[in-house]
Amino acid sequence: MSECIFCKIARKEIPAKIVYEDEEVIAFDDIRPQAPVHTLIIPKEHIPTLKETTDEQTGLLGRILVKAKTIAALKGIDQSGFRIVLNTGPDSGQEVFHIHFHLLGGRRLGWPPG
Ligand code: 5GP
Ligand code: ZN
């Protein structure tokens with residue numbers, strides 16, 4: 001069994017505030033929110049980072065992005081706007097090595113990001 005923290009959340013071994021779930025994706029609120037809405041969207045399949053993705057996973061990753069707008073609507077930020085962030089590797093500050101999309105919104109977000 002994977003020791004990965006996000007795999008454990010997907011298996012419901014660690015509690016999380018789950019916002020959305022289907023057969024291949026689960027979304028839950030970030031434990032240290034950086035905005036009024038900060039939800040993480042992950043594939044249930046363990047993929048460490050974008051660098052390890054394969055052509056076969058193109059559909060999965062595309063479906064996650066398309067589902068992100070539904071999850072934004074569930075969180076009430078589809079009209080006000082939102083940002084999707086996919087950190088990859090050391091300079092991005094990636095901390096958890098199970099690929100995840102940050103969904104951020106609920107306030108005006110600065111650009112460029114810090
Ligand atoms: P990264 O920096 O890897 O892109 O983002 C990892 C995110 O996962 C961080 O925003 C961090 O707050 C969040 N996180 C880390 N551990 C947990 C956890 O156990 N539960 C939840 N809900 N979020 C977590
Ligand atoms: Zn994992």
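Because only heavy atoms are used, hydrogens play no part in the values below, and waters and symmetry mates are left out as well, while side chains stay in. All ligand and atom numbering here is 1-based and tracks the order in the structure.
- In terms of N/O distances under 3.5 Å, ligand 1 is approached by Val96.
- Residue contacts with ligand 1 for Lys17 are absent, since no atom lies close enough (heavy atoms, distance under 4.0 Å).
- Between Phe28 and ligand 1, no pair of N/O atoms sits closer than 3.5 Å.
- Using a 4.0 Å cut-off between heavy atoms, Ile31 contacts ligand 1 through both its backbone and its side chain.
- Contact detail for Lys69 and Phe82: the closest heavy-atom pair is CA-CZ, 4.3 Å.
- Numbered from 1 in the order shown, with element, the atoms of ligand 1 that lie under 4.0 Å from a heavy atom of Glu95 read 1 (P), 2 (O), 3 (O).
- Counting heavy atoms under 4.0 Å from ligand 1, residue Phe97 does not touch it at all.
- With sequence neighbours excluded, no residue forms a salt bridge (charged side-chain N to carboxylate O under 4.0 Å, His left out) with Lys51.
- Within the 4.0 Å heavy-atom cutoff, His100 counts among the residues contacting ligand 1.
- A ring-centre distance under 6.0 Å is found for His102 and His100.
- Across Ile42, Leu61, Ile64, a single residue satisfies side chain to side chain contact (heavy atoms under 4.5 Å, CB included) together with Ile99, and that is Leu61.
- Every residue two or more places apart in sequence or in another chain that forms a side-chain contact (heavy atoms from CB on, under 4.5 Å) with Lys12 is listed here: Ile18, Glu21, Ile26.
- Of all heavy-atom pairs spanning Gln94 and Thr88, the tightest one is OE1-CA, 3.4 Å.
- Taking 2.8 Å as the limit, the number of protein N, O or S atoms around the Zn ion (ligand 2) is 4.
- With respect to Leu103, the side chain to side chain contact (heavy atoms under 4.5 Å, CB included) criterion is satisfied by exactly one of Leu74, Asp30, Ile71: Ile71.
- When every heavy atom of Pro43 is checked against every heavy atom of His98, the shortest pair comes out as O-NE2, 2.8 Å.
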Apply salt bridge (charged side-chain N to carboxylate O under 4.0 Å, His left out) to the pair Glu23 and Lys44, showing each step before the final yes or no. CA-CA 8 Å; Glu23 64 284 349; Lys44 290 182 174 176; over 6 Å; no
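- Listed by atom number, the atoms of ligand 1 under 4.0 Å from Arg32 heavy atoms are 11 (C), 12 (O).
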Can you give the donor-acceptor pairs under 3.5 Å from side chains of residues 105-114 to other protein atoms, not counting sequence neighbours?
{"from": "Arg107", "atom 1": "NH2", "to": "Gln34", "atom 2": "O", "distance (Å)": "2.8"}

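- By the neighbour-count criterion of 12 heavy atoms within 6.0 Å, atom CG of Asp91 is sparsely surrounded, having that number or fewer from other residues, nucleotides or ligands.
- No heavy atom of Ala16 sits closer than 4.0 Å to any atom of ligand 1.
- Counting only heavy atoms of the protein, atom 12 (O) of ligand 1 lies nearest to Asp30 OD1, 2.5 Å.
- Judged by the shortest distance from any of its heavy atoms, Gln34 lies outside the 4.0 Å radius around the atoms of ligand 1.
- Contacts of Ile5 with ligand 1, taken as heavy-atom pairs under 4.0 Å, involve the side chain alone.
- Distances between N or O atoms of Gln94 and those of ligand 1 include no value under 3.5 Å.
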What do the steps show when you test Gln57 against Thr54 for side chain to side chain contact (heavy atoms under 4.5 Å, CB included), and what is the final call? CA-CA 5 Å; Gln57 290 160 334; Thr54 63; 3.4 Å; yes
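- Here the two rings, on Phe28 and Phe6, have centers that are under 6.0 Å apart.
- Contacts of Asp29 with ligand 1, taken as heavy-atom pairs under 4.0 Å, involve the backbone alone.
- Of all atoms in ligand 1, listed by their number and element, those nearer than 4.0 Å to a heavy atom of Ile9 are 20 (N).
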